[in-house]
Number of protein chains: 4
Amino acid sequence: MGRKRAFTEEELLDKAEMLIIQHGYSGFHLKLLASHLPGARSTIYQYYANKEEIAAACMKKAMVRALIKAGYVDETDPIEALKQLLRVYMEEADLHYFLGDARKIDVSQSKKAEQNVGEVLAMLKHLRGQLDLLFDRAQKQGTIRSDLPISVMAGLFFQLINTPNTLQLPPHEWADYLFTLWYEGSGAY
Amino acid sequence: MGRKRAFTEEELLDKAEMLIIQHGYSGFHLKLLASHLPGARSTIYQYYANKEEIAAACMKKAMVRALIKAGYVDETDPIEALKQLLRVYMEEADLHYFLGDARKIDVSQSKKAEQNVGEVLAMLKHLRGQLDLLFDRAQKQGTIRSDLPISVMAGLFFQLINTPNTLQLPPHEWADYLFTLWYEGSGAY
Amino acid sequence: MGRKRAFTEEELLDKAEMLIIQHGYSGFHLKLLASHLPGARSTIYQYYANKEEIAAACMKKAMVRALIKAGYVDETDPIEALKQLLRVYMEEADLHYFLGDARKIDVSQSKKAEQNVGEVLAMLKHLRGQLDLLFDRAQKQGTIRSDLPISVMAGLFFQLINTPNTLQLPPHEWADYLFTLWYEGSGAY
Amino acid sequence: MGRKRAFTEEELLDKAEMLIIQHGYSGFHLKLLASHLPGARSTIYQYYANKEEIAAACMKKAMVRALIKAGYVDETDPIEALKQLLRVYMEEADLHYFLGDARKIDVSQSKKAEQNVGEVLAMLKHLRGQLDLLFDRAQKQGTIRSDLPISVMAGLFFQLINTPNTLQLPPHEWADYLFTLWYEGSGAY
DNA sequence: TATGAATGAGTATTCATTCAT
DNA sequence: TATGAATGAATACTCATTCAT
C-alpha cells in the first residue's frame, strides 16, 4: 500500500557513505546526498530525522559489516589471523575515514545518532581489543619481535589499511604485499 | 599611519593551518578562524580575498617549509637519507592532511588560489620524485629488497608519516622506531 | 566604527512583542519579524541567536517594565493598592498573553532563553505573591468579603486585566470602571 | 465495502478541538492531529480538504453545542437566566479560545471553511445579542445597576468564562461562585 | 477507503563576503 | 587600516498536501 519507494534505505546509506568518504563529514550535505538519489531532498527525512542520524547509521552499518567479517577469521595462528584481518580491513578501508569523523558528529540533537555513535565506538574498541590480543599472543609465541613496543607495531599495522593502492591491484593481493612488508621489512640483508 | 595591526599574516596562516588540520578543509570556516585571532572577521580580508586563498597560502607555506628542510638532507647514503627524510616529514606530519584537501579547494574563483594550489601540487611531485630516486638508488645498491614493487615500499613509507604517535614519544625517537620497523619488519626470525 | 545600525535592539523587541501578541507564539516567525523591520532577516541573528531568545528577551522586558511600575505602588491601603495595581497591569495587558506562551518556548537550545524564561516565571511568582499579600491584608482589615475563597476573588481580579476595552476608553478610566465592578458587583440593591 | 474506518469524523473534531485549545491555532498541525488519531495522516483528507476546514468545522461544532444548550435556558427572570447561561458557557469554556482564533483562519483557500467561519461569527453575534437583551431587561427591571455602562458589565461577565478554575471545583459550583462575585462584588460593606 | 510514500513550499539558521564609518 | 554591521545565498528541516497502490 502507498506509493513505490523512490529508493531503499540501503541505497541511501551507500550513497551517504560514498559521499562522506569523498567529502569528509563536514563537507557532507543533504543537498549533495539528494542529488545522488532519485527523488526530492525532503524525502530523505522520511527515513532519518537529520543529517547526524544518517552519518551515524552509515558508520554503524560499515562497522557491523567489518565486525562480521572479522568474526569469521580463524585465530588459531595469530600471524595468519593478522594477515586475514588485514584483508578484511582493507576491503573495508573506508572505515578509517569514518573513525575520525565519528567523533565529529553532533550527537546532542538525536538520541538515535547518539546511540549509533556509541555503538560504533564500542565496536571499534572491540576490534582494537581483538588486535591487541593477537599481537600479544604472537609476541609470547615469539613470532613478532619483542625489542620494540607493541603499540608501535600495532600502530604501523593499522596504517597499512590506509595505504593507497597505487598499483590498483586487487585488494587481496595488495593486502598480502603490505603484510609481507610489515612482517619482513623493506630492507635486504 | 593607520591603526596598529590586529594580527600578522604569519599568525593568520598558523591558526588556519591548525584549524584545517583539526576540522578538515570543509569544516574550516572564517568565523572559526576569526574566533582564534584577535580582531574582527572582516579584517581577514585585508590579507586575503577569500577563504580559498587562505587555505592555498597555508598549504604552500607548509610545503615550502618541508621542502627547505628536505633540501638539507645529505643524500650520499640513500638509506640514511630516507631515515632523515622520515624525520623531516614527521615534523611536518600535517602535510598529509593537507594533501588530500588541496584538491578540494574550489579554485575557480581566485587566480591566486589556483596558482598556489598548483605550486603545492608541483612541490609534492618534487618530493615524491626525490623519494623515488632514493628508493631506486637503494634498490640498485642492494639495500632494499627487489622482490617487491617499489611503489608498495614507498607507499608504506609514506604511511609511516601518518602513524599516530600513540606513545607520545619525541618525534625523532618515534620516527626512528618506525623507520626500524619499516626497514626490518615486525617479524622475529 | 562599522556601519550604522539598521534598527536598535529596542525596536526589534518592540516589534516582536507586537507580533507575538497579534499572532501568538507559534504564529511568530522571523520572516514576519523581518518584514516589520528595516533590513534583512539575517541581520536579526546579529542580535539574537534564535527565535527563542528573541521571545524570551521580549517577555523579560515586558515583565521588568511591569515590575518596576508595580514597585511604585503605595501599599498602605490594600484596596487602594489593588486599584493602582490594576491600572498598572492594564497598561501592560499584553503580559497575560505572554504568560501562557512563556512555557511554550523551547528552551533546550539556548542557555540565554532558558535563563530569561526562568527569570520571567520568577518575576511572575513575585507579582502573584504581592497580590496575595494585599488580598490577605484586605480580608483581615475587613474590606473584602470573607465568605468566599480568596482564590476566586483573586482569579476574577486577574481576569479583569484581560477584559477587552470594548468602549475604547482611556486605560485608566477603563481600569477604574472594572475595579468598581469587581469591588461592588454588577447588581443593584 | 472497502476498509473499516480508521476513525470517525467525531473523533477527528474532538481531538482537533483539544489540540487547538492546547496549542493555539497557529500551533495546531495536522501532523500533531494525526499523532493523536489511529490511522495515517493522509486519511484525514478523506474527511476534510485542508487544515482550515478542520478548524472551522471544529469551531462550528462547539458553537452549535453551546447554542443548543443556551436555547434551553429559561429567560423569564433575566438574572437567573444569566446565571444559567454562565453555567452553560463555562461548560463550553473552550469557546473563548476559539473566538480569537476564528479570525486567524486563512479562509481564502476554501469555500467550506469560509462558510463555517462565517456561521461561527454569526452564532457568536447571536449569543452576544441574547446576552445584551438579558442585560437590558435586567437593567430595566432594576436588578443590575444603571450607573455603569452595560458593556463594561457584559465585558466582565464574558471574562468570567475564562477564569481559570484554580480550586478545581466542579464547573457548576465554580460558575456559581463567580456569578455571586460578579453580582455582589468582592467588597465587604 | 486507507495509507505509505513523495514532494514542494515555507521557515530557521549559518556563513562568506561587502559596506560604510 | 580595522572593524561593526548588513546581507544574500546556501543549507537544514518541517509540514500541508498530493499520489499511487
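Since we're looking at a predicted model, the values are computed, not measured. Residue numbers begin at 1 in each chain, while the letters A, B, ... track the order of the sequences.
- Checking F:dT3, F:dT17, F:dA6 against the side-chain heavy atoms of B:Ala6 singles out F:dT3 as nearest.
- For D:Lys31 and F:dC15, the shortest distance from a side-chain N or O to OP1 or OP2 is below 4.0 Å.
- The distance between atom CZ of A:Arg41 and atom P of E:dT11, rounded to the nearest whole Å, is 16 Å.
- Residues C:Ile105 and C:Asn116 are not in side-chain contact: their nearest non-hydrogen atoms beyond the backbone lie 4.5 Å or more apart.
- If you take CD1 of B:Ile44 and C1' of E:dT18, they are 14 Å apart, rounded to a whole angstrom.
- In this structure, the CG atom of C:Leu30 is 19 Å from the P atom of F:dA12, given to the nearest Å.
- Contact of B:Arg5 with F:dA2 (side chain to base): no donor-acceptor pair of N or O atoms is detected under 3.5 Å.
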Determine which bases of DNA chain F form Watson-Crick or G-U wobble pairs with both distances under 3.5 Å, and write the result as a 5' to 3' dot-bracket string with | for other-strand partners. .||||||||||||||||||||

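- Nearer the 5' end of DNA chain E, as judged by each residue's closest nucleotide, is the contact made by A:Phe7, out of A:Phe7 and B:Ala49.
- You'll find the side chain of B:Leu33 reaches within 4.5 Å of the side chain of B:Ile44, heavy atoms only.
- Between C:Lys51 and A:Ser42, the residue whose closest nucleotide on DNA chain E is further toward the 5' end is A:Ser42.
- Among all heavy-atom pairs drawn from D:Lys104 and C:Gly24, the shortest one is NZ-N, 4.4 Å.
- Heavy-atom distances to DNA chain F give each of A:Asn50 and B:Pro38 a nearest nucleotide, and the one nearer the 5′ end belongs to B:Pro38.
- Annotation: side chain of A:Leu19 is not in contact with side chain of A:His29 (no heavy-atom distance under 4.5 Å).
- Sequence order on DNA chain F of the closest nucleotides to C:Gly2 and D:Leu32 puts C:Gly2 first from the 5' end.
- Remark: the C:Gln46 side chain and the F:dA5 base include no donor-acceptor N/O pair separated by less than 3.5 Å.
- Rounded to an integer number of Å, the gap from OH of A:Tyr25 to P of F:dT11 is 16 Å.
- In this structure, C:Leu33 places its CG atom 13 Å from C1' of E:dT11, rounding to the nearest Å.
- Counting any heavy atom pair closer than 4.0 Å across all strands shown, C:Tyr47 reaches sugar-phosphate atoms only and no base atom.
- Considering only side-chain N and O atoms, D:His29 lies under 4.0 angstrom from the phosphate OP1 or OP2 of F:dA16.
- In this structure, CD of C:Glu52 is placed 12 Å from C1' of E:dT11, rounded to the nearest angstrom.
- Side chains of D:Leu13 and D:Tyr48 form a contact here, defined as non-hydrogen atoms less than 4.5 Å apart.
- Using a 4.5 Å cut-off on side-chain heavy atoms (C-beta onward), D:Asp101 and D:Phe28 make no contact.
- The nearest whole Å value for the distance from the CD atom in D:Gln109 to the C1' atom in F:dT17 is 12 Å.
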Validation: residues 52-66 of chain D side-chain donor-acceptor distances under 3.5 Å, sequence neighbours left out:
unit_1	atom_1	unit_2	atom_2	d
D:Glu53	OE1	D:Ala49	N	3.3
D:Glu53	OE2	D:Ser110	OG	2.8
D:Lys60	NZ	D:Glu119	OE1	3.0
D:Lys61	NZ	D:Asp14	OD1	2.7
D:Arg65	NE	D:Glu92	OE1	3.0
D:Arg65	NE	D:Glu92	OE2	3.2
D:Arg65	NH2	D:Glu17	OE2	3.2
D:Arg65	NH2	D:Glu92	OE1	2.7

